[in-house]
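Read through the structure below, which is laid out as structure tokens, and then see the notes.
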Amino acid sequence: MFNHRNTVIFLLLLTLGVVSFFLVGIFNLNLLQFNLWSQLTLVVIGVALVGLALILLIGTMGIILTMRLNRPIKLLIIPTKIVISYIVPVVIQIASWFGMDKERVQNSFIQISNQLINPEEISVAAEDLLILMPHCIQLADCSYRVTSDINNCQRCGGCQVDDIIALKEKYGVHLAFATGGTLARKIIKETRPKAIVAVACERDLSSGIQDVYPLPVIGVVNLRPNGPCYNTKVELDKLEAAVKRLLEEQ
């Protein structure tokens, strides 16, 4: 039975099939029937498609083997990075144009990305781990904003910020709240973590993971009982499990 987690793998293989189809078509053309410029154009397109097909094949193989063996394949890291950072976003966008649920495809990517992380290879100390949260976890009408300083939180228990700070204190990790991708990248640059546990919606998680790859990121999709970006929540047990998975003492 088809697993939704493998949606991205299926789309990558489908893309490889489409590229291969066009390659076969070009190779079957009689170039002598075209003028010189048309011949050169077809040759350039053919070479580009060969390169794309090889990257797709090797990068997708790298993803599949890493998932199967539970460890990264060093020789395949570069093509895997290219596929994850540059090809997957395009594939997700094209799939949405053809009517596929974009969030479902993004969720599939997040699940695959989480599985690619091998804690035994990372061995992250608490001071090198960052929990990155979206600002919308905090109540919208709270005047004590934690995006500038988490110590502003009054620990009233009105939202989950108190519980998340308690988790930070329990494990001694870094914690930050971001209002968007620009601030998230600034926090990562300043904190310089060796691994991240990030909570966000499918769109922000998938784009963020692609932006910082190969920096290990475990993504936890948030809960949106009031709609996107407004008084969101997180499953605290999943958040803590992700933190424990990455810490070297586990």
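Remember, it's a predicted structure, so these values are computed and weren't measured experimentally.
Residue Asp162 holds its CG atom at 7.5 Å from SG of Cys156, rounded to the nearest 0.5 Å. For the atom pair Lys102 NZ and Ser206 OG, the distance stands at 8.0 Å (nearest 0.5 Å). The distance from atom CD1 of Ile77 to atom CD1 of Ile82, rounded to the nearest 0.5 Å, is 12.5 Å. Residue Asn226 holds its CG atom at 9.0 Å from OG1 of Thr232, rounded to the nearest 0.5 Å. Atom CG of residue Leu205 and atom CD1 of residue Ile110 lie 4.5 Å apart, to the nearest 0.5 angstrom.
Note on Glu240 versus Lys168: no salt bridge recorded, every NZ/NE/NH1/NH2 to OD/OE distance being 4.0 Å or above. Salt bridge annotation for Glu202-Arg104: absent, with no cationic side-chain nitrogen under 4.0 angstrom from a carboxylate oxygen.
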Residue pair Val234, Val220: steps toward the side-chain contact (heavy atoms from CB on, under 4.5 Å) verdict: CA-CA 8 Å; Val234 63; Val220 180; 4.0 Å; yes
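Listed for the Ser207 side chain is a donor-acceptor partner under 3.5 Å among the backbone atoms of Asp204. Checked by atom type and distance alone, the side chain of Ser85 pairs as donor or acceptor with a backbone atom of Lys81 at under 3.5 Å.
The shortest distance between side-chain heavy atoms of Cys201 and Val221 does not fall below 4.5 Å. At least one side-chain heavy atom of Gln210 sits less than 4.5 Å from a side-chain heavy atom of Ile92. Side chains of Ile87 and Leu12 form a contact here, defined as non-hydrogen atoms less than 4.5 Å apart. Counting heavy atoms from C-beta outward, Asn152 and Ser148 have side chains that approach closer than 4.5 Å.
In terms of hydrophobic clustering, with Ile, Leu, Val, Met, Phe, Trp and Tyr side chains grouped at heavy-atom distances under 4.5 Å, Leu175 and Leu236 are assigned to a common cluster. Under a hydrophobic-cluster definition in which Ile, Leu, Val, Met, Phe, Trp and Tyr are linked whenever side-chain heavy atoms come within less than 4.5 Å, directly or via other members, Val24 and Leu16 are assigned to different clusters. Under the 4.5 Å side-chain heavy-atom criterion for ILVMFWY residues, no single connected hydrophobic cluster contains both Val83 and Ile94. Taking hydrophobic clusters as Ile, Leu, Val, Met, Phe, Trp and Tyr residues chained together by side-chain heavy-atom distances below 4.5 Å, Trp97 does not share a cluster with Val105. Following chains of ILVMFWY side-chain contacts shorter than 4.5 Å, one cannot reach Leu223 starting from Val243, and the two form parts of different hydrophobic clusters.
Minimum heavy-atom separation, Gly46 to Leu23: O-CD2, 3.5 Å. Minimum heavy-atom separation, Ala178 to Leu183: CA-CD2, 3.8 Å.
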N/O donor to acceptor pairs below 3.5 angstrom from side-chain atoms of residues 187-198, sequence neighbours left out:
{"from": "Glu190", "atom 1": "OE2", "to": "Lys186", "atom 2": "NZ", "distance (Å)": "2.7"}
{"from": "Thr191", "atom 1": "OG1", "to": "Ile187", "atom 2": "O", "distance (Å)": "2.7"}

Residues 124-141, side-chain donor-acceptor partners within the protein, below 3.5 Å, at least two apart:
{"from": "Gln138", "atom 1": "OE1", "to": "Arg145", "atom 2": "NH2", "distance (Å)": "3.4"}
{"from": "Gln138", "atom 1": "OE1", "to": "Val146", "atom 2": "N", "distance (Å)": "3.3"}
{"from": "Gln138", "atom 1": "NE2", "to": "Tyr144", "atom 2": "O", "distance (Å)": "2.5"}

Could you pull out every donor-acceptor pair under 3.5 Å between side chains of residues 52-65 and any protein atom, sequence neighbours left out?
{"from": "Thr60", "atom 1": "OG1", "to": "Leu56", "atom 2": "O", "distance (Å)": "2.6"}

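Residues Ser96 and Gln93 have side chains that bring a donor and an acceptor to within less than 3.5 angstrom of each other. At a cut-off of 3.5 Å, with distance as the only test, a side-chain donor of Arg224 or Asn222 sits close to an acceptor on the other residue. Side chain to side chain, Gln111 and Asn107 meet the donor-acceptor criterion of an N or O pair below 3.5 Å.
A side chain to side chain contact (heavy atoms under 4.5 Å, CB included) with Phe109 is found for exactly one of Thr7, Ile84, Ile9, namely Ile84.
The local environment of CG in Leu14 is crowded, with over 12 non-hydrogen atoms from other residues, nucleotides or ligands closer than 6.0 Å. For Arg203, the CZ atom sits in a loose shell: 12 or fewer heavy atoms of surrounding residues, nucleotides or ligands are nearer than 6.0 Å. For Leu36, the CG atom sits in a packed shell: over 12 heavy atoms of surrounding residues, nucleotides or ligands are nearer than 6.0 Å.
Residues that satisfy the side chain to side chain donor-acceptor pair (under 3.5 Å) test with Asn28, not counting sequence neighbours, are absent from this structure. Under the rule for a side chain to side chain donor-acceptor pair (under 3.5 Å), the partners of Glu235 that lie at least two apart in sequence or sit in another chain are Lys238.
Judged as a side chain to side chain donor-acceptor pair (under 3.5 Å), the pairs with a partner in residues 34-45 (not counting sequence neighbours) are, in order, Asn35-Ser38.
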